[in-house]
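For reference, the structure discussed in these notes is given below.
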Amino acid sequence: MLAIPAALMMMILPPADVNEAWKHVVVAGDSDFEACGVADFDNDGDLDIACGDTWYEAPDWTPRPIGLVRSIGGYRVDFADVPMDIDRDGLMDIVSCSWHDRGVFWRRNPGDKQDKWRMQVLDTPGNMETAIAADVDADGTPDFLPNIMGRTVWYEAKPGGMITHVVSDDRGGHGIGLGDVDGDGHPDILGPDGWFESRPGEDGIEWVHHPEWELGPAGISIVAHDFDRDGLTDIFWGMGHDYGLHWLRQGRDDRGGRTWSRHEVDTRWSQAHGLVLTDLDRDGTLEVLTGKRRHAHNGKDPGGDDPLIVCIYRYDPERKGFQRTTLSEGGAIGAGHYPVVVDIDADGDLDIVLPGKSGLHLLEKRNDPVPPAP
């Protein structure tokens, strides 16, 4: 079956029903890239958006070239767009990865808006679903944490390249995250079949695997946070290629050992790939932002052709469960591999950049309070 071009797909999809508290901005309706990154790529003080072969200059989202990115079987060979200044020249670059080429790529910012960015392969660790920026070694600098099938590896930026840190050569699956599971102050790495405990060692970090859960093909990232505020870190994840979002509540048995109880959050939609822990309303309570990825397996997954949705989940201590607030439903707005939450217009509130096979979109938080619908 021939893949439907993104521009045609945009014509087929109806307009999205967008929450009144948010303004929908179409940055690039014909984009079919599923990852994006936000940074000031031209050093003019405004935050820009990078997505696949193009970066979009703020404030009018003028397209500027990055370089050719191939298409393979309905996918673009660009599964992450993480801004990092690799060569320390004061210009923000892009670190990417892909499933098909099995590579980690550095796209170097040339500093000229009209020039294409030179690409360099930094490593070929295996098939990768996507990657996130995460401070794995807790040194205050973001690292590159890809989701590799069958392995767990993270990358530390160095001038002109990356330092490869292998956590495991035989453990890794669909889903990855970073968080302090055991409350010792050190970030741990989360996977679909358990978590790697971080222990400071003489030669760096020592990683000890704890096979304490089986999540299935999870989205990215797997979220670690004490949602019920009992002092123990819980786990929240979505099924990347099926219906459902779930959480594991951490507890203790009679001997003080860790226990995990599994609970459903929402089973009404499928293909939750990108999950972000954030405080969208800035009230001090963290929520999970996520949404449906458009055609994660080209429509072959359960619910692959269901309407797109973007929503947030907030823990309700009285109900001891999560409440959903829908930001967008139907239409062309999905969450792709990984949405970005950032105050992109510097107006004091948080906005959401959402890539996907049905376009690159921005949900811009409105400043003025909106009265509730009758």
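Atom set for the values below is all heavy atoms of this structure, side chains included, hydrogens, waters and symmetry mates excluded. Predicted model only: the values in this text are computed from it and were never measured.
At a threshold of 4.0 Å, the pair Arg107-Asp78 counts as salt-bridged, since one of the basic side-chain nitrogens sits closer than that to a carboxylate oxygen. Salt-bridge check for Arg314 with Asp283: passed, with a basic side-chain N closer than 4.0 Å to an acidic carboxylate O. Ion pair Asp266/Arg324 flagged as a salt bridge, since at least one NZ, NE, NH1 or NH2 atom sits closer than 4.0 Å to an Asp/Glu carboxylate oxygen. Looking at Asp193 and Arg171, a side-chain N of the basic residue comes within less than 4.0 Å of a carboxylate O on the acidic one, giving a salt bridge. A salt bridge links Glu57 with Lys113: the distance from a Lys NZ or Arg NE/NH1/NH2 to an Asp or Glu carboxylate oxygen falls below 4.0 Å. Ion pairing between a basic and an acidic side chain is recognised when a charged N comes within 4.0 Å of a carboxylate O; Asp349 and Arg282 show no such pairing.
With sequence neighbours excluded, no residue satisfies salt bridge (Lys or Arg N to Asp or Glu O under 4.0 Å) with Asp345.
Judged by distance alone, the side chain of Asn147 and the main-chain N or O of Ile220 form no donor-acceptor pair under 3.5 Å.
By the 4.5 Å heavy-atom criterion applied to side chains, Ser328 and His24 are not counted as neighbours.
By the rule that hydrophobic residues join a cluster once side-chain heavy atoms approach within less than 4.5 Å of another member, Phe227 and Tyr313 end up as members of one cluster.
Between Tyr75 and His100, the ring center distance clears the sub-6.0 Å criterion. In this structure, Tyr315 has its ring center closer than 6.0 angstrom to the ring center of Trp247.
The number of heavy-atom neighbours closer than 6.0 Å to CD of Gln323, taken from other residues, nucleotides and ligands shown, is above 12.
A donor-acceptor pair shorter than 3.5 Å can be found between the side chains of Glu129 and His273. A donor-acceptor contact closer than 3.5 angstrom is absent between the side chains of Asn367 and Lys23. If you check the side chains of Thr62 and Asp60, you find no donor sitting under 3.5 Å from an acceptor.
Residue His246 is tested with Trp260, Phe322, Trp237 for a ring pair (Phe, Tyr, Trp, His ring centres under 6.0 Å); the sole match is Trp237.
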Worked verdict on Val26 versus His361 for side chain to side chain contact (heavy atoms under 4.5 Å, CB included) | CA-CA 5 Å; Val26 180; His361 302 268; 4.0 Å; yes

